[in-house]
Every structure is written in C-alpha cells, then in structure tokens.
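Let me begin by presenting the structure, written as structure tokens, before commenting on it.
When a ligand or atom number is given, it counts from 1 through the structure's own listing order. In what follows, every heavy atom counts, from backbone to side chain, and hydrogens, waters and symmetry copies are set aside.
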Amino acid sequence: MNLVLFGPPGSGKGTQSLLLAERRGFMHLSTGEALRAAVKARTRAGIEAQAIMERGELVPDDVVTRILADFVGEYRRKTQRFLFDGYPRTVPQVFLLDKLLADYKLASPYLLCIDVPEETLLPRLTGRRICVKCKAMYNIHFSPSKVEGVCDVCGGHTQQRNDDREETIRERLRVYREQCLPVMEEYRQRGRLQTVSGVGTMEEVFTRVDTAITAVPD
Ligand code: AP5
Ligand code: MG
C-alpha cells in the first residue's frame, strides 16, 4: 500500500510519518524535509526553493516532483509501502504522482488527512524546535527538551524552522486552504480518502492513523 499523509501545517504529518516508518515499515519521504536539505546543500532546487519557502508559498510543481521522482526511482525495488508526507499538495501534483506510480507499476495511493482545528496549529508551529544534527523534534509548549536549546538524543543544538514565524505560518495556512484542500476533494471523489482527528496525544493520534490504514485494502 502507498500512502499520502495530508493535513495543514502543524497537523502532525512529520510526527506520524516517523512512527509509521519505524513501526509499520513505510519508506518515508517528506518533500518539505527534502527541500530543506536541498536549501542547506545549496543545490539548484534548493536555491530556487529557499525564498519561496521562507514566504510560506508552494515550490513549483516541477521542482518538487523531480525530488519525488528521484526518491521513488531509487527505492521502488526495495519497498511496496511508500509514505509521502506533503506530496501531492496541488491538483496537478495528484496527476503527476499517478503517472509516476503507474510508470513503475506501483499501486495508487490512499490519502490520509490529519484534521486539526486552526487554533491548535499556531502553538504547535511557533513552539516547534528541531535538532540541527539528528533532526529530533521538540515543542517548547508540549514536549520540550530537558535543557532548553539542547537535544536530549545527541546533545546537538535545537532551533526553529525559518518558516515557523507567526506571519509565515499564517501565509502557509492560507495557501493550504486555497491550494491544497482541492487535493483532498480529488481523493474523496476517487473513494481513496480517510480522515482522522489529529487532536490528542501523539500516541492517541497514532492509534487512529494505524486503525484507519489497517482498514484500507492493500
Ligand atoms: P513541510 O515541511 O511539509 O511543512 P508543512 O506542510 O507546513 O507541515 P509541517 O512540517 O510544518 O507540519 P507537520 O504536519 O509535519 O507537523 P509536525 O509533525 O512537524 O513543507 C514546508 C514547505 O516546503 C512548504 O511550505 C512549501 O514551501 C514546500 N513544499 C513541501 N512540499 C511541497 C509540495 N508538494 N509542493 C510544493 N511545495 C512544497 O508537528 C508540528 C509540531 O507539533 C511539532 O512541534 C510536534 O512535536 C507537535 N505535535 C505533533 N503532533 C502533536 C500532538 N498530537 N500533540 C501536540 N503536539 C504535537
Ligand atoms: Mg512536516
């Protein structure tokens, strides 16, 4: 089964993806993470994406699809369980993903939407901190590191994402409502949409996610 995790910024896509990869063996790609790595490495895609991401807008479909195609091409023989976190995010990307999976004779994906009300998202995003070394994730409000600014796992330095400033978060939420929500509608019409509530502890949300995907035929 191939799965798309969908939901607004801060809904917990990254958190739940890591749990699904660890516990259910999915091969996970976060297009946001891949783009941030490209920005850091100063690749062509990264240079093109940097300012767009800092404004909270969407990176052009062709740039992000190339990253996805490279990933699927690399791992297609090693897994039957891809997990795409943050792709597709526009209706053209829905069809680009269909084509890519069909070209490799891979199964059409299900879309799992993590539903969280907007007022819950802001503290999750403004409070998020990430270890620069091992990428462990913390939240100063809900799950802080033991020592402020220091990663519990590797002792690295934790920092805020460039797009987690309040003004940029509001723009990301606007973009989600206007450009991303039609993606959900497309999967609803195909009968390949599941929605779970993302409110509650990370483990409570994982139980819902896991139950929802177990109910989906392979
Ligand atoms: P991306 O990195 O995907 O960002 P996003 O969609 O805005 O989502 P986030 O990563 O901010 O949130 P999340 O849902 O993963 O939540 P998380 O688990 O971290 O994309 C960034 C940018 O890249 C985009 O804006 C765009 O520019 C570009 N991009 C990426 N893909 C693209 C595409 N396909 N097309 C075009 N452009 C693209 O959780 C958030 C916080 O909440 C954390 O602190 C976490 O610890 C906490 N938390 C999680 N779950 C819970 C819980 N149950 N209770 C309490 N706290 C929780
Ligand atoms: Mg994420």
Consider every N or O of [X] and every N or O of ligand 1, then say whether any pair is closer than 3.5 Å.
| X | answer |
| --- | --- |
| Gln93 | yes |
| Thr31 | yes |
| Asp163 | no |
| Gly200 | yes |
| Gly10 | yes |
| Leu58 | no |
| Pro9 | no |
| Ser11 | yes |
| Tyr87 | no |
| Arg36 | yes |

Write out the residue and atom name of the closest protein heavy atom to [atom], then the distance separating them to 0.1 Å.
| atom | result |
| --- | --- |
| atom 24 (C) of ligand 1 | Arg89 NH1, 3.9 Å |
| atom 9 (P) of ligand 1 | Arg128 NH1, 3.4 Å |
| atom 26 (C) of ligand 1 | Glu57 O, 3.4 Å |
| atom 16 (O) of ligand 1 | Gly12 N, 3.2 Å |
| atom 44 (O) of ligand 1 | Asn139 ND2, 3.0 Å |
| atom 13 (P) of ligand 1 | Lys13 N, 3.5 Å |
| atom 45 (C) of ligand 1 | Thr15 OG1, 3.9 Å |
| atom 22 (C) of ligand 1 | Met53 CE, 3.8 Å |

If the cut-off is 4.0 Å to any non-hydrogen atom of [X], which atoms of ligand 1 fall inside it?
| X | value |
| --- | --- |
| Gly14 | 13 (P), 15 (O), 18 (O) |
| Val64 | 32 (C), 33 (C), 34 (N), 35 (N) |
| Tyr138 | 44 (O) |
| Met137 | 18 (O), 19 (O), 43 (C) |
| Leu125 | 11 (O) |
| Arg161 | 1 (P), 2 (O), 4 (O), 9 (P), 10 (O), 11 (O), 21 (C) |
| Gly86 | 31 (N), 32 (C), 33 (C), 34 (N) |

inquiry  = With side-chain hydrogen bond (donor to acceptor under 3.5 Å, both in side chains) as the rule and sequence neighbours excluded, what pairs involving residues 120-133 come up?
reply    = Arg128-Asp164

Please check this pair: side chain of [X] against backbone of [Y], looking for a donor-acceptor N/O pair closer than 3.5 Å.
| X | Y | value |
| --- | --- | --- |
| Arg192 | Pro109 | yes |
| Glu204 | Thr201 | yes |
| Lys13 | Val4 | no |

ask   = Does ligand 1 have any atom sitting under 4.0 Å from a heavy atom of Ile52?
value = no

task = Look at ligand 1 and say whether Tyr176 reaches it with a heavy atom at a distance under 4.0 Å.
result = no

For the residue pair [X] and [Y], establish whether any side-chain heavy-atom pair is separated by less than 4.5 Å.
| X | Y | value |
| --- | --- | --- |
| Phe26 | Thr79 | no |
| Leu106 | Arg76 | yes |
| Ile213 | Gln194 | no |

For the [atom1] atom on [X], are there more than 12 heavy atoms of other groups (residues, nucleotides or ligands in this structure) within a distance under 6.0 Å?
| X | atom1 | answer |
| --- | --- | --- |
| Arg23 | CZ | yes |
| Glu119 | CD | yes |
| Gln80 | CD | no |

request  = Using heavy-atom distances, let me know which of Gln179, Arg124, Arg55 sits nearest atom 52 (C) of ligand 1.
outcome  = Arg124

request  = From atom 48 (N) of ligand 1, work out which of Arg172, Glu203, Met202, Gln50 has a heavy atom at the shortest distance.
outcome  = Met202

note = Between Val153 and Tyr138 the two heavy atoms that sit nearest each other are N-OH, 3.6 Å

task = Compare every heavy atom of Leu173 with every heavy atom of Pro8, then report the nearest pair and how far apart it is.
result = CB-CD2, 4.4 Å

Side chain, backbone, both or neither: [X] near ligand 1, heavy atoms under 4.0 Å:
| X | result |
| --- | --- |
| Val59 | both |
| Arg129 | neither |
| Thr201 | backbone |

task = Indicate if Tyr104 and Leu96 have the same hydrophobic cluster label, given that clusters are the connected sets of ILVMFWY residues with side-chain heavy-atom separations under 4.5 angstrom.
result = yes

query = Side-chain heavy atoms under 4.5 angstrom apart, residues restricted to Ile, Leu, Val, Met, Phe, Trp, Tyr: same cluster for Leu193 and Leu3?
reply = no

ask   = Is it true that Glu167 and Arg170 have a side-chain N and a carboxylate O under 4.0 angstrom from each other?
value = no

Per-pair distances, 0.1 Å, donor-acceptor, side chain in residues 179-186, under 3.5 Å, sequence neighbours excluded:
| residue | atom | partner | partner atom | Å |
| --- | --- | --- | --- | --- |
| Glu185 | OE1 | Arg188 | NE | 3.0 |
| Glu186 | OE2 | Arg190 | NE | 3.1 |
| Glu186 | OE2 | Arg190 | NH2 | 3.3 |

request  = May I ask you to check whether Phe6 and Tyr176 place their ring centres under 6.0 Å from each other?
outcome  = yes

query = Which class fits the ring pair Phe71 and Tyr75: parallel under 30°, tilted 30 to 60°, perpendicular over 60°?
reply = tilted

